[in-house]
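Down below is the structure, laid out as structure tokens.
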Amino acid sequence: MPEGPELHLASLFVNRLCGGVVFTGAVTKSEVSKSPGVAFSCAAYRISAASRGKEVRLTLTPIKSDDKRRGKAGEADRPVDIVFRFGMSGYFRFTPEDEVPKHAHLRFHSDERPRRVLSFVDARRFGSWRAGGSWQPGRGPCIMLEYSSFRQNVLSHLSDRAFDRPICEALLNQKYFNGIGNYLRAEILFRLNIPPFVQARGVLEDLHPEETKGQIPDKKTQEQKMVPDLLRLCHSIPLEVVNMGGKGYDPEKADYSDFEAWLQCYCVDGMSSVRDHNGRTMWFRGDPGPLVPKDSKSVKKRTKKDDHQDQKVAGTSSNNKKEKVIQRQTKKEKSSSEEETSGTVRRSERQRRTRSTDGK
DNA sequence: CGTCCACGTCTAC
DNA sequence: TAGACCTGGACGG
């Protein structure tokens, strides 16, 4: 669940559930985790959280007790910050001690009875944390919480080579779009009908610096402001997810359906998808744009349960990096595939469940 | 059983 | 621009 909205929801989650809780003792780490242990131990401390883009920072604040029997060796008295990245599968849980989830790699123990545990859970372990530091240098301002400087940061660096890339790939660059991930880029570009593989600079260079405070907008400016531009949607669409209220963050199935219903493009039946230059799946509708990878393969969505269709578009070689499946391909098949997949292809013809054998 | 795929970085050739 | 890093769910045989 981890893109900007999920990270921010995680911070809200921690503040809501742990705000009044006193924690105690050491911060414990799973054996298997490669992230460094957190050298913090305290008889009584509180936990608060903040987020920035795709990072969450926990602050452990020791509670000053009246009796000054502090001074035990290793006892902290100053606040400690821990900055987390969630990888592909990280999230926080707060559970009774005997219900700590599998893959809980960093744990904070409450001073209650029965005890509860705040856990950083991360099945794939692509996530990480670092104690004592701050936000990762090089990551840009938060798309949700630092909108103004985010916008400024992008528009003042358009000469950067990063904006040579297709817009869909630039949107994953955390130096400029801290918080955007794979589902958000699809949803954002979809709502503006921007082809994903057009050069980023071209999409961005005409945008206003905006937020020109004190200036009375004339009618034209007002009209322009009615139409949210790309950078504004990089802010507002993630906030839509946040405002759904915990859905989309919680890995439990019950909440997940709401999030699924919110998606208009990403993994949605009838949309097209291709691998971008970094091997990430880009979901879109219509024209992919001129910078689409040459050997890209278009794929129709596979639905999970209901109608389990798994239909690929015939044609182009399957460029699966890992398995290196060498597919034969004929020019004829290729052209027919492009005809079917690239041109907006009104999918009026309901999802066909025909499994066209690809390139075989 | 097996293969493919996943909301993300990292670093090495 | 490839892998590497991981687990697990969905789906196919």
Side-chain angles (χ1 to χ4, degrees), chain A residues 1-10 30-35 51 53-56 83-91 101-105 121-130 135-140 143 161 164-166 168-169 171-175 177-188 237-238 241-242 244 247-253 255-256 259-260 262-263 265-268 273-283 293-297 299-312 318-325 327 353 355 357-358:
Chain A
M1 324 291 307
E3 298 184 21
E6 290 73 32
L7 279 279
H8 184 62
L9 286 163
S30 72
E31 279 299 318
V32 68
S33 170
K34 290 173 185 165
S35 285
S51 77
K54 262 183 249 183
E55 295 184 305
V56 167
V83 174
F84 292 81
R85 263 155 275 148
F86 280 16
M88 294 285 263
S89 55
Y91 60 95
K102 199 177 176 183
H103 305 300
H105 296 302
V121 186
D122 182 12
R124 297 182 70 180
R125 274 182 274 145
F126 292 171
S128 63
W129 63 81
R130 191 167 54 99
W135 307 119
Q136 186 180 41
R139 301 188 77 101
I143 51 165
R161 297 278 302 276
D164 293 351
R165 313 295 314 151
C168 70
E169 293 170 17
L171 282 171
L172 294 186
N173 185 337
Q174 302 299 297
K175 182 178 176 185
F177 298 92
N178 187 9
I180 299 296
N182 206 21
Y183 80 71
L184 283 171
R185 69 169 178 172
E187 295 300 310
I188 290 164
I237 291 190
V241 179
V242 170
M244 287 197 300
K247 341 285 184 167
Y249 163 69
D250 201 322
E252 306 299 80
K253 310 275 183 181
D255 291 292
Y256 194 65
F259 174 73
E260 267 189 317
W262 173 84
L263 292 171
C265 178
Y266 181 80
C267 285
V268 168
S273 66
V274 297
R275 299 302 189 116
D276 70 13
H277 292 286
N278 300 310
R280 304 271 258 142
T281 301
M282 179 66 218
W283 288 89
K294 286 288 200 283
D295 56 354
S296 67
K297 177 175 72 171
V299 179
K300 279 286 310 288
K301 179 198 193 271
R302 86 179 71 214
T303 44
K304 314 202 166 172
K305 7 185 141 184
D306 301 320
D307 35 324
H308 59 285
Q309 65 165 145
D310 177 11
Q311 188 238 322
K312 303 173 183 176
S318 139
N319 185 30
N320 192 317
K321 293 186 297 197
K322 295 184 178 176
E323 309 306 326
K324 284 276 202 266
V325 181
Q327 300 276 12
R353 10 173 81 251
R355 64 174 64 257
T357 60
D358 77 52

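We name chains A, B, ... by the order of the sequence lines, and we start the count at 1 in each one. Just the heavy atoms: all of them, side chains too, but no hydrogens, waters or symmetry mates, feed the values below. All of these numbers come straight from a predicted model, not from anything done at the bench.
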Could you give the [atom1]-to-[atom2] distance, from [X] to [N], as a whole number of Å?
X	N	atom1	atom2	answer
A:Asn278	B:dT11	CG	P	16 Å
A:Glu3	B:dA6	CD	P	13 Å
A:Leu7	B:dT9	CG	P	9 Å
A:Glu169	C:dT1	CD	P	9 Å
A:Phe177	B:dC7	CZ	C1'	18 Å

- For the residue pair A:Phe84 and A:Trp129, does the interplanar ring angle fall in the parallel (under 30°), tilted (30 to 60°) or perpendicular (over 60°) class?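 Tilted: the ring planes of A:Phe84 and A:Trp129 meet at 30° to 60°.
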- Query: Rounded to the nearest 0.5 Å, what separation is found between the CD atom of A:Glu3 and the CG atom of A:Leu172?
  - Reply: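 With rounding to 0.5 Å, CD (A:Glu3) is 8.0 Å from CG (A:Leu172).
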- Item | Separation between OH of A:Tyr266 and OG of A:Ser273, rounded to the nearest 0.5 Å |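 Going from OH on A:Tyr266 over to OG on A:Ser273, the span is 10.0 Å.
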- Task: Kindly write out the residues that satisfy side-chain hydrogen bond (donor to acceptor under 3.5 Å, both in side chains) with A:Glu187, not counting sequence neighbours, or none if the list is empty.
- Result: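 A:Glu187: no side-chain hydrogen bond (donor to acceptor under 3.5 Å, both in side chains) contacts found.
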- Task: Among B:dC10, B:dT9, B:dC7, find the nucleotide with the atom closest to the side chain of A:Tyr183.
- Result: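 The answer is B:dC7, which lies nearest to the side chain.
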- Item | Among B:dT9, B:dC7, C:dT7, the nucleotide that comes nearest once only the side chain of A:Arg280 is considered |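 Nearest nucleotide to the side chain: B:dC7.
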- Has A:Phe86 got its ring stacked on B:dG8, by the test of a centre gap below 5.5 Å and a plane angle below 30°?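 A stacking contact does not exist, since A:Phe86 is not both close and nearly parallel to the base ring of B:dG8.
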- Item | Sugar-phosphate only, base, or nothing, as touched by A:Arg139 at under 4.0 Å among non-hydrogen atoms |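 A:Arg139: backbone/sugar contact only, no base atoms under 4.0 Å.
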- Task: Under 4.0 Å between any heavy atoms, over every strand shown, what does A:Gln136 touch: base, sugar-phosphate, or nothing? Just pick one.
- Result: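 Answer is sugar-phosphate: A:Gln136 comes under 4.0 Å of backbone atoms only.
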- Item | Interatomic distance at P, C:dC5 relative to B:dC13, whole Å |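 Here C:dC5 and B:dC13 have their P atoms 12 Å from each other.
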- When you compare B:dC5 with C:dG3, how far apart are their P atoms, in angstrom units rounded to a whole number?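 Their P atoms lie roughly 16 Å apart.
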- Are A:His8 and A:Ser51 linked by a side-chain donor-acceptor pair shorter than 3.5 Å?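 Yes, because at least one side-chain N or O of A:His8 sits under 3.5 Å from a partner of the opposite role on A:Ser51.
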- For DNA chain B, whose closest nucleotide is more 5', that of A:Thr281 or that of A:Lys54?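 That would be A:Thr281.
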- Message: Heavy-atom nearest nucleotide on DNA chain B for A:Arg124 versus A:Arg85: which residue maps closer to 5'?
- Response: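 Looking at DNA chain B, the more 5' nearest nucleotide goes with A:Arg124.
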- Query: Can you list the stems that DNA chain B is part of, where a stem is at least 3 pairs in a row, each Watson-Crick or G-U, with both distances below 3.5 Å?
  - Reply: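 Stem list for DNA chain B: B:1-6 with C:7-12, B:8-12 with C:1-5.
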- Establish whether the base of B:dC7 is bridged to the side chain of A:Tyr256 by a donor-acceptor pair shorter than 3.5 Å.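 Present.
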